[in-house]
2 protein chains.
Amino acid sequence: MTISTEETAAPAPQEGGAACPMDYILRMLMGPWTTYIVYNLRAFGPQRFGELKRRVAGISAKMLTERLRTLEGAGLIKRDYEATIPPKVTYSLTPRGHELDEVLEKLGEVAVRWQAEDRAARKTELKAA
Amino acid sequence: MTISTEETAAPAPQEGGAACPMDYILRMLMGPWTTYIVYNLRAFGPQRFGELKRRVAGISAKMLTERLRTLEGAGLIKRDYEATIPPKVTYSLTPRGHELDEVLEKLGEVAVRWQAEDRAARKTELKAA
DNA sequence: CTCTGCAGTTACGATTTGGTACCTACTTGA
DNA sequence: TCAAGTAGGTACCAAATCGTAACTGCAGAG
């Protein structure tokens, strides 16, 4: 996958190189649950593992761990480990993570609009039938 | 996956219902190539199948077909079939598809910024070493 | 007369993915 | 003494995904 910002048909580096800026960011967000986790971290603030897992509802511990590690590796979230007993691990968005706020907000707007439109369309459909 | 727009912890419908507006839209964009296809359709205007395939570079005909059908089903793109010989099939964004413009743009901005930052960081790293 | 391109579809097969179950080590509470 | 909760790690297995190759029917080019 390669997305150019230029309007002039980027020659598409077949080597799979990260020549395109969107590439990286999309791979990050595309994973299952990923956007949802970021969204929750943003909406409810820093959270501990168990809290987050309960909130996401349906995700397995394995998935959550993997996603969190990936996000951490990308510098989108921060992992604070307190070696108490029992251990406390708190996850929070980094400044970089917060740079997605606007995108998520825009996406949310569109999503809400579409949902409303679809609901209206269904109602009309029912009336017609 | 369920994302609430409310700040008040949506009770998370376990039935997998589409109670959350982000849900639907994310599933749509999350598929591989999907965003890239939409991006290309936006950047280069309506395109025929072969054109698009050449532009995306790396995608298989099967994938492209499948993605296009999904996007069509979601009402994001329009499929114009001309039964000439050889047949011409042109794909274009619908008004609904264009509603993603802003999101894609925002995403692009972030992507470019991160890429620049990372490049700068790598340069500093090299200097330090 | 065969080759190519159009816009796909289909079958097959390998890889990846994601879930389930079970394990850690330690403390608190019953 | 036994169970539960903390934050995971590991192994295994079924299912979904994605690529490859081969097929469609027809026309124009060589």
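Every chain is numbered from 1, with letters handed out A, B, ... down the list of sequences.
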Can you check the [X] [atom1] to [N] [atom2] distance for me, whole Å?
{"X": "D80(B)", "N": "dC6(C)", "atom1": "CG", "atom2": "P", "value": "18 Å"}
{"X": "K88(A)", "N": "dA7(D)", "atom1": "NZ", "atom2": "P", "value": "9 Å"}
{"X": "Y91(B)", "N": "dA7(C)", "atom1": "OH", "atom2": "P", "value": "8 Å"}
{"X": "E82(B)", "N": "dA7(C)", "atom1": "CD", "atom2": "P", "value": "10 Å"}
{"X": "F49(B)", "N": "dT24(D)", "atom1": "CZ", "atom2": "P", "value": "19 Å"}
{"X": "Q47(A)", "N": "dT6(D)", "atom1": "CD", "atom2": "P", "value": "14 Å"}
{"X": "L68(A)", "N": "dG18(C)", "atom1": "CG", "atom2": "C1'", "value": "16 Å"}
{"X": "Y81(A)", "N": "dG9(D)", "atom1": "OH", "atom2": "P", "value": "11 Å"}

Check your understanding: Are any of the side-chain nitrogens in R96(B) or E117(A) under 4.0 Å away from the carboxylate oxygens of its partner?
Key -> yes

Review point. Are R55(A) and E51(A) within salt-bridge range, i.e. N to O under 4.0 Å?
Key: yes

Would one find a side-chain N or O of [X] under 4.0 angstrom from OP1 or OP2 of [N]?
{"X": "R54(B)", "N": "dG5(C)", "value": "no"}
{"X": "R67(A)", "N": "dG8(D)", "value": "no"}
{"X": "R48(B)", "N": "dC6(C)", "value": "no"}

Exercise for review: Kindly indicate whether a cation-pi arrangement holds for R48(A) with Y91(A), taking the cut-offs as under 6.0 Å to the six-membered ring centre and within 45° of the axis.
Suggested key: no

Review point. Going by heavy atoms closer than 4.0 Å, what residues in residues 69-77 of chain A are next to DNA chain D?
Key: R69(A)

**Study point:** Check: T94(A) side chain, L76(A) main-chain N or O, donor-acceptor pair, under 3.5 Å
**Key:** yes

Check your understanding: Looking only at atom types and distance, does a side-chain atom of E82(B) sit under 3.5 Å from a main-chain N or O of D80(B), one as donor and one as acceptor?
Key -> no

Review point. Would one find more than 12 heavy atoms of other residues, nucleotides or ligands at under 6.0 Å from atom CD of E72(B)?
Key: yes

Point to revise | B/S/- contact track for nucleotides 19-29 of chain C, protein heavy atom under 4.0 Å | key: BB-----SS--

Practice item. Tell me, with the steps shown, if D101(A) and H98(A) meet side-chain contact (heavy atoms from CB on, under 4.5 Å). Key: CA-CA 5 Å; D101(A) 285 2; H98(A) 275 296; 3.1 Å; yes

**Study point:** Residue pair L68(B), F49(B): steps toward the side-chain contact (heavy atoms from CB on, under 4.5 Å) verdict
**Key:** CA-CA 9 Å; L68(B) 288 171; F49(B) 184 87; 4.0 Å; yes

Exercise for review: Could you tell me the separation between the CD atom of E102(B) and the CG atom of L107(A), rounded to the nearest 0.5 Å?
Suggested key: 11.0 Å

Exercise for review: Side chain of T65(B) only, please: which of dG8(D), dC6(C), dG8(C) is the nearest?
Suggested key: dG8(C)

